[in-house]
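Values below: every heavy atom of this structure, side chains too, minus hydrogens, waters and symmetry copies. Just so it is clear, the model here is predicted, and its values are computed rather than measured. Chain letters run A, B, ... following the sequence lines, proteins first, then strands; residues in each count from 1.
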Amino acid sequence: ICAYNAIIYGYCKSGMMNEACQLLEEMKVEGLAPTIVTFGSVIDGLAKVDQLDDAHGLFEEAKSNGIKFNVVVYGSLIDGFGKAGRIDKAYQIMEELIDEGLRANSSIWNCLLDALVKVEEINEALICFQWMKDEKYSPNAITYSILIRALCRIRKFRKAFAFWQEMRKQGLDPDAITYNTMISGLAKAGNIAAANQLFEELKLEGIVLDCAACNALVQGLSNANRALDAFMVFEETLLKGQNLY
RNA sequence: CAACGUACAGGC
């Protein structure tokens, strides 16, 4: 069983779902009972290649065979439906999760928030975020990244910065991805001045920005017809011995 | 043990 699980896990991670499903069938034929890990891998794999209905079907089928899934498997489905823009299904799975007496966690909420942002329901996402906090779940760096990106998209920079500060106030250190989200969010929305300023501020704080952050800024400057400035950032990055692609 | 967020490239 462990051997099967390991191979199936590998197939699923690389998106080779035909092979994975075939092995799952083979297990049944051999009289081996797939475990929650087996089903979890396959469901996650199917959801990632947009075979959502198959994923959900397998989920229901396993459940009716007495398998009790954990939050992670629910998370795979919520994430999958959310990415496909099927919010209603995502909510439905969320409700099922609660009905089963399972407790959601921050990751589940993040999946849901990201889903709402993807269909441009930013206000709904903000309400959801408030709700999440009311229910005493702690947002993490990922939660804030999702919201900051969303707010930059709709050009609510002030609010994006407010979240940025709220995050630090809670002792949550923004990670490399949060920085990049903020910088590229500002740059893409054409707010080069703010992006540049943040970039400089972070440098002063001794924070090392990675190549994605530089890319983001270079791109923003280029779009604003400031090729010269873009080039300067580029050179400066090179001088620091950073790896650029 | 497993689910979630950032930049860039390509094809029509």
Side-chain angles (χ1 to χ4, degrees), chain A residues 1-13 20 34-49 52 55 59 67 69-84 90 93-94 97 102-118 125 128-129 132 137-153 160 163-164 167 172 174-189 195 198-199 202 209-223 230 233-234 237 242-245:
Chain A
I1 281 203
C2 286
Y4 270 105
N5 276 356
I7 299 174
I8 290 179
Y9 173 79
Y11 276 142
C12 292
K13 278 282 173 220
T35 64
I36 183 173
V37 177
T38 327
F39 285 120
S41 302
V42 177
I43 289 170
D44 184 50
L46 286 171
K48 281 205 167 42
V49 294
L52 284 159
F59 175 81
I67 301 264
F69 285 116
N70 58 20
V71 263
V72 176
V73 183
Y74 282 87
S76 294
L77 284 174
I78 293 176
D79 182 48
F81 280 120
K83 284 204 162 59
I93 308 283
M94 178 79 163
L97 180 161
L102 292 169
R103 188 152 167 76
N105 59 24
S106 307
S107 299
I108 301 274
W109 282 100
N110 290 344
C111 295
L112 212 53
L113 287 176
D114 192 43
L116 288 168
V117 165
K118 286 231 155 66
C128 219
F129 177 64
M132 167 183 181
Y137 290 97
S138 347
N140 57 21
I142 299 183
T143 319
Y144 282 106
S145 296
I146 295 171
L147 294 173
I148 287 173
R149 179 171 143 87
L151 290 166
C152 285
R153 276 229 181 109
F163 275 127
W164 173 270
M167 175 177 186
L172 269 177
D175 61 14
I177 296 187
T178 322
Y179 298 132
N180 295 345
T181 306
M182 192 81 217
I183 292 177
S184 85
L186 292 168
K188 268 198 180 149
L198 180 62
F199 189 81
L202 291 173
L209 293 161
D210 66 11
C211 60
C214 299
N215 276 343
L217 195 55
V218 168
Q219 193 204 1
L221 288 166
S222 308
N223 288 345
V233 174
F234 176 74
T237 314
Q242 293 254 6
N243 294 322
L244 292 176
Y245 289 124

Trainee: Hey, is the side chain of N70(A) pairing donor to acceptor with the base of rA2(B) inside 3.5 Å?
Mentor: yes
Trainee: Side chain of K83(A), heavy atoms from C-beta onward: which of rU6(B), rA7(B), rC4(B) has the nearest atom to it?
Mentor: rC4(B)
Trainee: For the pair made of CG in D79(A) and P in rC4(B), what is the distance, rounded to whole Å?
Mentor: 6 Å
Trainee: Could you tell me the separation between the CG atom of D44(A) and the C1' atom of rC4(B), rounded to a whole number of Å?
Mentor: 11 Å
Trainee: Kindly point out which of rC4(B), rA2(B), rC8(B) is positioned nearest to the side chain of I142(A)?
Mentor: rC4(B)
Trainee: Can any side-chain N or O of S106(A) pair as donor or acceptor with the backbone N or O of S138(A) at less than 3.5 Å?
Mentor: yes
Trainee: Write down the distance between CZ (R149(A)) and P (rG5(B)), rounded to a whole number of angstrom.
Mentor: 10 Å
Trainee: In whole angstrom, what separates K48(A)'s NZ from rA3(B)'s P?
Mentor: 7 Å
Trainee: From the set rC4(B), rG5(B), rA7(B), return the single nucleotide nearest to any side-chain atom of A141(A).
Mentor: rG5(B)
Trainee: May I ask you to verify whether the side chain of N215(A) and the base of rC8(B) hold a donor-acceptor pair under 3.5 Å?
Mentor: no
Trainee: Could you give the NZ-to-P distance, from K118(A) to rU6(B), as a whole number of Å?
Mentor: 6 Å
Trainee: Could you tell me the separation between the CG atom of L113(A) and the P atom of rC4(B), rounded to a whole number of Å?
Mentor: 15 Å
Trainee: I would like to know whether S41(A) and N5(A) meet side chain to side chain donor-acceptor pair (under 3.5 Å); could you show each step before the answer?
Mentor: CA-CA 8 Å; S41(A) 302; N5(A) 276 356; over 6 Å; no
